[in-house]
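Please read the structure below before turning to the comments.
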Amino acid sequence: NAGVTQTPKFQVLKTGQSMTLQCAQDMNHEYMSWYRQDPGMGLRLIHYSVGAGITDQGEVPNGYNVSRSTTEDFPLRLLSAAPSQTSVYFCASSYRDSHTDTQYFGPGTRLTVL
Amino acid sequence: AQSVTQLDSQVPVFEEAPVELRCNYSSSVSVYLFWYVQYPNQGLQLLLKYLSGSTLVKGINGFEAEFNKSQTSFHLRKPSVHISDTAEYFCAVTDAGNNRKLIWGLGTSLAVNP
């Protein structure tokens with residue numbers, strides 16, 4: 001049982017490049033989410049999904065796209081990277097769409113946009 | 001609107017000393033409360049949560065927290081810390097009646113010194 005996995009661990013992009021951050025979980029969780037973590041700003045929710053085929057925006061969705069074609073995978077796409085997207089990105093999952101359930105976090109992806 | 005304030009951004013402490021990390025929240029409705037820990041270069045993991053019942057909640061690694069409704073606080077305590085407790089600690093709150101949104105504090109960095 002690997003839990004929540006994220007790839008890559010580190011990435012450097014140039015402004016304007018696109019990329020996909022991968023997230024997968026093997027716990028059959030319905031709920032998955034993406035956060036970014038920035039110094040002094042804590043964790044901010046980017047997008048979330050309550051099940052395959054269903055996604056919704058969090059508090060900072062601009063510049064990011066997501067899709068959920070399977071229960072296991074929830075990739076985050078940066079369409080045209082900007083320096084403001086330099087951050088640490090965490091994927092999380094939980095059994096249900098309820099925050100009484102424990103959130104399980106991946107190890108994070110450190111992204112630098114030059 | 002709900003909010004979470006972690007009153008100390010950094011807490012230095014010597015090994016084997018007691019520690020308290022403070023968390024206050026603001027909400028007009030009943031809440032559920034959480035503490036998560038982030039060890040260096042890792043994702044977050046749940047330490048403990050308060051949903052209902054006893055206001056003293058025990059978590060992993062010897063941590064406990066007390067829910068104080070009148071003071072709207074959920075302070076985290078440990079009677080004797082170890083070097084391995086060095087980490088970032090996050091308090092979070094969600095609306096008990098509609099617990100789909102988790103509000104995060106900015107985190108407290110606990111540094112345990114020998």
Side-chain angles (χ1 to χ4, degrees), chain A residues 2-10 21 23-25 27 29-51 54-61 74 87-110, chain B residues 1-10 21 23-25 27 29-53 57 59-61 63 67 74 87-109:
Chain A
V4 180
T5 57
Q6 291 183 239
T7 56
K9 290 188 176 180
F10 301 93
L21 280 63
C23 174
Q25 53 90 9
M27 297 174 282
H29 285 172
E30 289 184 357
Y31 183 85
M32 296 185 75
S33 57
W34 277 102
Y35 289 93
R36 59 178 290 173
Q37 183 180 37
D38 302 290
M41 304 193 76
L43 285 163
R44 293 182 291 170
L45 183 65
I46 304 171
H47 285 285
Y48 65 95
S49 168
V50 300
I54 307 170
T55 63
D56 207 345
Q57 296 181 350
E59 58 180 304
V60 289
F74 190 45
S87 186
V88 181
Y89 291 86
F90 289 101
C91 179
S93 74
S94 63
Y95 182 59
R96 297 173 302 165
D97 174 25
S98 165
H99 286 296
T100 57
D101 288 353
T102 299
Q103 297 284 308
Y104 292 86
F105 284 80
T109 294
R110 294 183 178 273
Chain B
Q2 292 173 330
S3 66
V4 175
T5 302
Q6 292 185 239
L7 296 160
D8 306 292
S9 59
Q10 295 183 331
L21 305 184
C23 173
N24 284 91
Y25 67 92
S27 177
V29 298
S30 295
V31 296
Y32 298 143
L33 294 150
F34 308 81
W35 276 99
Y36 280 80
V37 60
Q38 183 182 25
Y39 297 106
N41 299 313
Q42 294 185 28
L44 284 73
Q45 65 182 89
L46 181 69
L47 263 182
L48 48 80
K49 59 184 174 183
Y50 171 78
L51 303 182
S52 64
V57 181
I60 62 171
N61 300 338
F63 283 92
F67 171 53
F74 191 54
E88 191 85 13
Y89 292 80
F90 292 92
C91 182
V93 64
T94 189
D95 178 349
N98 179 15
N99 45 61
R100 290 185 169 184
K101 185 175 181 181
L102 201 56
I103 308 297
W104 295 88
L106 295 185
T108 296
S109 179

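In what follows, chains carry the letters A, B, and so on, assigned in the order in which the sequence lines appear, proteins first and then strands, with residues in each chain numbered from 1. Remember, predicted model here, so these are calculated numbers, not experimental data.
Under the rule for a salt bridge (charged side-chain N to carboxylate O under 4.0 Å, His left out), A:Arg110 has no partner lying at least two apart in sequence or in another chain. Residues meeting the salt bridge (charged side-chain N to carboxylate O under 4.0 Å, His left out) test with A:Asp56, sequence neighbours left out: none.
Taking both residues in full, the closest heavy atoms of B:Tyr36 and A:Gln103 are given as OH-N, 3.0 Å, listed atom of the first, atom of the second, then distance. Considering every non-hydrogen atom in both B:Gln38 and A:Phe90, the closest pair reads NE2-CZ, 3.1 Å.
Taking CG of A:Leu45 as the start and CD1 of B:Ile103 as the end, the distance is 9.5 Å to the nearest 0.5 Å. Of the inter-residue distances, the one linking A:Lys9 atom NZ with B:Asn41 atom CG reads 9.5 Å to the nearest 0.5 angstrom. The line from CD of A:Gln37 to CZ of B:Phe90 is 4.5 Å long, rounded to the nearest 0.5 Å.
Ranked by non-hydrogen atom pairs under 4.5 Å with chain B, the options A:Gly58, A:Ala92, A:Pro107 are led by A:Pro107.
In this structure, no portion of A:Gln6 lies under 4.5 Å from any heavy atom of chain B.
Within 6.0 Å of atom CE in A:Met27, more than 12 heavy atoms from other residues, nucleotides or ligands are found, so the atom counts as buried in its surroundings.
The side-chain heavy atoms of A:Leu43 and B:Leu102, taken from C-beta on, include no pair separated by under 4.5 Å.
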